[in-house]
Protein chains: 2
Amino acid sequence: MDGLVDGGPRDHVVAVADDLFFTHGVHAVTMQRIRSEAGVPLKKLYGMFPSKDVLLAASLERRDRIALCAITERAETCDDPVERALAVFDFLDDWFRQPGFHGCVFAGAFGESGAAAPVVVSAVRAHKRSLRELVTALVAGTGVRNADAVGAQLAVLVDGAMAVATFTGDTDAARNARQAARTVLDTALRD
Amino acid sequence: MDGLVDGGPRDHVVAVADDLFFTHGVHAVTMQRIRSEAGVPLKKLYGMFPSKDVLLAASLERRDRIALCAITERAETCDDPVERALAVFDFLDDWFRQPGFHGCVFAGAFGESGAAAPVVVSAVRAHKRSLRELVTALVAGTGVRNADAVGAQLAVLVDGAMAVATFTGDTDAARNARQAARTVLDTALRD
DNA sequence: GACAGGTGAGAATGATGGTTCTCACGCCGC
DNA sequence: GCGGCGTGAGAACCATCATTCTCACCTGTC
């Protein structure tokens, strides 16, 4: 969570908006509500962000950093490189089992604005890309040869776990994904 | 596509709505538009379906049947049981590369109505469940022992491929997922 | 104390889109 | 022919927000 706040009012608004989007889902959060929670008049809100989409995109960037930090920290608690690469699934497992879980904010944001908000789409893509890069880097740490290919496969598993957990409420999604990831990783390490 | 139409006006409306939702995305299709395309007055539309959510849910049920049929047909063209189980990824691969592809309708519907429309949520869950059951059945056909566990893992890969293709536009998603699925399946068959 | 400028709080506006209502027309039995 | 009645077409209604506007208040200055 460090490095996310510089104390300025803009960052405060982004932090509040991000928390609301994350906690209640994108479509349940109105500008009025952000205004109330942040204690900022609407005029100033629109002075900082020309539209809700832009504010949403800024919140997604913040959430991206938070998520990557959390995953990285979790990975660093593992000594074994393979366990470290699989830590992302443990992170997901914990998250899915939290009471307020209601799906990936990025998926929600994408669904909400569709292709109508390019700024949101690019924030979502940036997050998915950085997530994939993080996974690939962790995979590379295992010493596997084709880290890019294996990283791409693990990234699919990460998004798949998220989709299954969101749509079906199946809290075992992360464990199934982890099992598949372990198989993929072990196989790649064998040759 | 057979067995989907009985010629009644209700099925006609569902077919038109489903095509629109599938082609343009859920959030881009209004009741007015369905009314126009189906050539049915709004009053009759609301006589058949009390709300858009109910119509959407009916469309999703139809789409569920279409998708499962298409995947099954595709699988039946393969002789090798393993190839048959992996055929779903070939199906996805073709789909992702089609020009008008813009993501899974079920994901779109879920994002649109969120938890606000239980009827939609249950339609989405039913689809994901039947998809998983189909995959598991195909996996069982390979003679693998723990077909349920492997089926669950492949289901995660299916949803993951869909998520990656939708959010990032990465058309290789299905191939990455297929590669991972093959590894999982081969490993399961080995012991 | 009086005034200008900025600021906060929330009301007004505008657009969208689901849902309901009106109304005119053609069809049916008499 | 004529009076109801179902039906089609779309206008009207209503709620929900994003976005903008108004206005009273406060503050600092002379």
Side-chain angles (χ1 to χ4, degrees), chain A residues 7-14 16-60 105 108-121 123, chain B residues 7-60 102 105 108-121 123:
Chain A
R10 193 181 191 278
D11 284 327
H12 175 238
V13 168
V14 171
V16 167
D18 174 40
D19 281 351
L20 286 172
F21 287 137
F22 187 73
T23 311
H24 300 95
V26 173
H27 74 287
V29 176
T30 67
M31 290 296 265
Q32 314 281 343
R33 187 161 183 189
I34 295 170
R35 182 210 80 119
S36 301
E37 303 264 336
V40 164
L42 275 182
K43 190 185 273 184
K44 183 171 267 186
L45 205 53
Y46 279 95
M48 293 169 172
F49 306 94
S51 73
K52 190 187 185 184
D53 289 335
V54 175
L55 172 53
L56 175 56
S59 304
L60 292 179
V105 214
F110 194 94
E112 172 110 344
S113 345
V119 66
V120 172
V121 172
Chain B
R10 193 180 190 280
D11 285 326
H12 175 238
V13 168
V14 171
V16 167
D18 173 39
D19 281 351
L20 286 172
F21 287 137
F22 186 74
T23 311
H24 299 94
V26 172
H27 74 288
V29 176
T30 67
M31 290 297 265
Q32 315 282 341
R33 187 161 183 188
I34 295 170
R35 183 210 81 120
S36 301
E37 303 265 335
V40 163
L42 274 182
K43 190 186 272 184
K44 183 171 266 186
L45 205 53
Y46 279 96
M48 293 169 172
F49 306 94
S51 73
K52 189 188 185 185
D53 289 334
V54 175
L55 172 53
L56 174 56
S59 304
L60 292 179
H102 56 73
V105 214
F110 194 94
E112 172 111 342
S113 344
V119 66
V120 172
V121 172

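Here is how names work: the chains are called A, B, and so on, in the same order as the sequence lines, proteins then strands, and each is numbered from 1. Quick note: numbers below take in every heavy atom, side chains included, and nothing from hydrogens, waters or symmetry partners.
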Each nucleotide in nucleotides 4-9 of chain D should get exactly one letter: B, S or -. Can you fill that in based on protein heavy atoms under 4.0 Å?
----BB

Here the distance between atom P of dT19(D) and atom CD1 of I34(A), to the nearest Å, is 11 Å

Note: I34(A) and V16(A) closest approach over all heavy atoms is O-CG1, 4.4 Å

Atom OH of Y46(A) and atom P of dC17(D): how far apart are they, to the nearest Å?
13 Å

Donor-acceptor pairs are to be reported for all side-chain atoms of residues 42-54 of chain B against protein atoms at under 3.5 Å, with residues two or more places apart or in another chain.
{"unit_1": "S51(B)", "atom_1": "OG", "unit_2": "D53(B)", "atom_2": "N", "d": "3.4"}
{"unit_1": "S51(B)", "atom_1": "OG", "unit_2": "V54(B)", "atom_2": "N", "d": "3.4"}
{"unit_1": "K52(B)", "atom_1": "NZ", "unit_2": "V29(B)", "atom_2": "O", "d": "2.8"}

Between atom CE in M31(A) and atom P in dA11(C), what is the gap in whole Å?
18 Å

Look at the side chain of Q32(B) and the base of dT19(C), then say whether one donor and one acceptor between them are separated by less than 3.5 Å.
yes

Specify the separation, in whole Å, of atom NE2 of H27(A) and atom C1' of dT16(D).
13 Å

Between H102(B) and F22(B) (side chain of the first, backbone of the second, donor and acceptor by atom type, cut-off under 3.5 Å), is there such a pair?
yes

Using a cut-off of strictly less than 4.0 Å between a heavy atom of the residue and any atom of DNA chain C, enumerate the qualifying residues of residues 50-58 of chain B by number.
S51(B), K52(B)

Roughly how many Å is it from CZ in F49(B) to C1' in dG18(C), rounded to a whole number?
16 Å

So, for V26(A) and G108(A), which heavy atoms are closest and what is the spacing to 0.1 Å?
CG2-C, 4.2 Å

Residue pairs passing the side chain to side chain donor-acceptor pair (under 3.5 Å) test where at least one lies in residues 29-38 of chain A, sequence neighbours excluded
H24(A)-R33(A)

Considering only heavy atoms from C-beta outward, does the side chain of F110(A) approach that of V121(A) to under 4.5 Å?
yes

When the C1' atoms of the five terminal pairs at each end define the local axes, what inter-axis angle does the helix from dG1(C)-dC30(D) to dC30(C)-dG1(D) show, to 10 degrees?
30°

One should read off an interatomic distance between D18(B) CG and L55(B) CG, to the nearest 0.5 angstrom, of 9.5 Å

Report the residues that fulfil side chain to side chain contact (heavy atoms under 4.5 Å, CB included) with A123(A), sequence neighbours left out, ordered by chain and then residue number.
A57(A), L60(A)

